[in-house]
Number of protein chains: 2
Amino acid sequence: MPSLKAGKLAARTGLTVRTLHYYEERGLLTPERTAAGHRIYATADMVRLQQIVSLKQLGFPLEAIAAMLDDPDYALEPVLHQQLTAIDQQLAETTRLKQRLEGLLGQIQQGTALSVDDLLSTIQATTMYEKYYTPDQLAELQARADALGPDGMAKAQQDWQDLINEVRAELDQGTAADSDRMKPLVARWNALIRAFTGGNPAIAQSMKTMYEQEGPAAASQGMVDTEVIAFMQKALQAHA
Amino acid sequence: MPSLKAGKLAARTGLTVRTLHYYEERGLLTPERTAAGHRIYATADMVRLQQIVSLKQLGFPLEAIAAMLDDPDYALEPVLHQQLTAIDQQLAETTRLKQRLEGLLGQIQQGTALSVDDLLSTIQATTMYEKYYTPDQLAELQARADALGPDGMAKAQQDWQDLINEVRAELDQGTAADSDRMKPLVARWNALIRAFTGGNPAIAQSMKTMYEQEGPAAASQGMVDTEVIAFMQKALQAHA
DNA sequence: GATAAGCCCTCACGTCGCGTGAGGTGCAAG
DNA sequence: CTTGCACCTCACGCGACGTGAGGGCTTATC
């Protein structure tokens with residue numbers, strides 16, 4: 001009769017004894033026991049173990065596997081869809097990460113960036129943008145940046161920084177987003193955005209999506225201060 | 001003077017206070033303290049935090065980030081390369097996972113597979129193969145499977161199962177891999193492999209690679225018993 | 001100057017899927 | 001009968017925090 005103890009089953013499946021114990025802890029697999037407490041895995045247990053392993057290969061957490069195996073009428077389609085969209089998202093993120101890494105490696109091999117600091121300045125400039133702008137749009141942005149030259153870029157950066165500082169000052173003073181005091185700041189903000197987008201509405205739209213979607217996480221990229229962004233979004237709407 | 005306490009900094013960066021604490025625990029960020037023990041983040045701390053976040057976005061673990069930031073001459077190229085190959089591998093695995101999920105969803109939507117059990121039989125048949133065989137080879141295998149028909153498939157499966165059981169019996173009896181008793185079993189094994197590969201050496205090669213590379217993990221897929229496989233590899237070599 | 005609200009602090013345990021010992025018992029072979 | 005291996009049960013470790021619990025600090029209001 002084909003029934004095995006933990007060590008043998010582990011050897012045959014390529015799992016470890018600890019893993020079998022763990023599955024039992026989680027209620028996934030419940031072999032019989034000898035009088036001395038040794039686990040005895042019968043054929044049915046092996047079949048079930050095989051199912052567990054297969055479902056794990058599909059990326060399901062153990063808890064979900066337990067639910068599936070314990071209910072034979074489990075609705076598979078929704079979980080598969082869910083799993084698939086999660087996978088798609090992960091795939092997209094990983095792909096972007098790969099592109100970033102390749103870009104940085106390229107910079108290093110060209111000698112453009114050598115220290116951690118150099119690297120970080122590159123990251124800030126590129127990370128978030130790649131996500132929301134199409135290649136076309138990125139090319140256009142790059143062209144405009146080139147046209148400005150390093151000095152122009154520095155000035156634009158400074159303009160943004162000054163404006164953000166002033167907005168934060170108002171925020172700290174408790175100024176309301178729809179206050180008249182915000183009017184000139186809103187105007188300057190819009191002007192800077194126009195300069196950035198070059199009047200291209202597609203780019204403006206991408207930028208808007210970026211802030212809406214990304215929220216706090218985006219700001220952490222360039223350290224743009226999430227509070228200021230949220231505040232300005234209200235102000236922009238109030239003075240639309 | 002721009003220096004903030006934990007809550008404010010957290011709000012601005014989109015991180016949580018706990019995260020700031022944790023970075024301090026790990027030695028990544030060490031703000032000053034007030035007499036009462038409250039953390040005070042100066043501008044330099046914010047810059048450093050920004051660097052930490054950026055490097056985290058590249059997928060580095062906190063320990064590596066600490067090393068990079070503490071040594072300005074840190075050799076970046078190797079770690080970037082390493083990171084990139086890790087990413088590539090992850091990408092490949094995730095892509096395969098996605099394909100599997102899509103295949104299964106297709107089956108469900110066609111009504112071919114409805115229960116968890118149906119799903120699992122499909123998984124076993126396909127999972128591992130997709131990894132090591134080229135699409136061409138998979139098509140050829142599929143064609144041969146179709147030619148056999150369901151009955152032929154069942155017989156082939158049974159032949160394999162019988163052979164494996166016999167091999168395991170020898171293994172349990174302590175028969176040596178190079179023993180003459182193994183000769184007929186080796187011959188049958190080779191015959192079944194020829195039937196499977198259809199004499200196509202490319203497919204045979206893929207199959208070999210699969211077993212070599214995958215080892216125990218592969219077996220867990222179809223529950224092929226890793227011990228029997230290892231034993232047969234020795235036997236096949238001994239009787240080559 | 002007292003009090004309440006809100007921010008800050010330090011433990012300390014939970015997450016997920018096991019790996020890795022430590023320390024003790026069971027079992028088949030010599 | 002003893003040796004040695006297989007088995008058992010705790011119990012801590014990982015990575016990057018989340019989530020309270022329980023208690024001090026600070027600031028606005030009365």
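Heavy-atom basis, side chains included; hydrogens, waters and symmetry copies ignored.
Remark: B:Glu77 CD is packed, more than 12 non-hydrogen atoms of other residues, nucleotides or ligands lying under 6.0 Å away. No more than 12 heavy-atom neighbours from other residues, nucleotides or ligands sit within 6.0 angstrom of CD on B:Glu32.
Using a 3.5 Å distance cut-off with no hydrogens or angles, the side chains of B:Arg26 and B:Tyr22 do pair a donor with an acceptor.
Here C:dG26 is the nucleotide among C:dG19, C:dG26, C:dC9 with the atom lying nearest to any side-chain atom of A:His38. Side chain of B:Arg39, nearest nucleotide from D:dC8, D:dA16, C:dT10: C:dT10. Nearest to the side-chain atoms of A:Arg33 among the listed nucleotides D:dC17, D:dT9, C:dG17 stands D:dT9. The side chain of A:Ala6 lies closest to D:dC8 when the candidates are C:dG17, D:dG18, D:dC8. For A:Tyr22, the side-chain atoms get nearest to C:dG17 when compared with the rest of D:dA16, C:dG17, C:dG19.
Distance CD1 (B:Ile40) to C1' (C:dC7): 12 Å, rounded to an integer number of Å. B:Glu32 places its CD atom 14 Å from the P atom of C:dC9, with the value rounded to the nearest Å. What separates CG of A:Leu20 from P of C:dC18 is a distance of 10 Å, to the nearest Å. Rounded to an integer number of Å, the gap from B:His21 NE2 to D:dC17 P is 14 Å. For the pair B:Glu63 CD and D:dC14 C1', the computed distance is 11 Å after rounding to whole Å. Here C:dG17 presents its C1' atom at 14 Å from CD of A:Gln57, a figure rounded to the nearest Å. Atoms CD (B:Glu25) and P (D:dC17) sit 11 Å apart, rounded to a whole Å. Regarding A:Arg18, its CZ atom lies at a distance of 14 Å from the P atom of D:dG13, rounded to whole Å.
With hydrogens and angles disregarded, a donor-acceptor distance shorter than 3.5 Å links the side chain of A:Gln83 to the backbone of A:Leu58. For B:Arg39 (side chain) and B:Leu20 (main-chain N/O), no donor-acceptor pair under 3.5 Å exists by modelled atom type.
The side chain of B:Tyr23 contributes an N or O atom lying less than 4.0 Å from OP1 or OP2 of D:dC17. Within the 4.0 Å cut-off from OP1 or OP2 of D:dC17, at least one side-chain nitrogen or oxygen of B:Lys56 is found. The shortest distance between the side-chain N/O atoms of B:Thr19 and the OP1/OP2 oxygens of D:dG18 is below 4.0 Å.
In terms of position on DNA chain C, the residue among A:Pro61 and B:Ala36 whose nearest nucleotide sits closer to the 5' end is B:Ala36. Mapped onto DNA chain D by nearest heavy atom, B:Thr34 and B:Leu62 fall at different nucleotides, with B:Leu62 at the one closer to the 5' end.
Remark: A:Gln89 engages no residue in a side chain to side chain donor-acceptor pair (under 3.5 Å) (not counting sequence neighbours).
At a threshold of 4.5 Å between non-hydrogen side-chain atoms, the residues A:Tyr41 and A:Leu49 do not count as touching.
Counting non-hydrogen atoms under 4.0 angstrom, B:Thr16 reaches the backbone sugars and phosphates but no base.
Salt bridge annotation for B:Arg18-B:Glu25: present, with a cationic side-chain nitrogen under 4.0 angstrom from a carboxylate oxygen.
Using five terminal pairs a side, the axes of the helix from C:dG1-D:dC30 to C:dG30-D:dC1 at its two ends make an angle of 30°, given in steps of 10 degrees.
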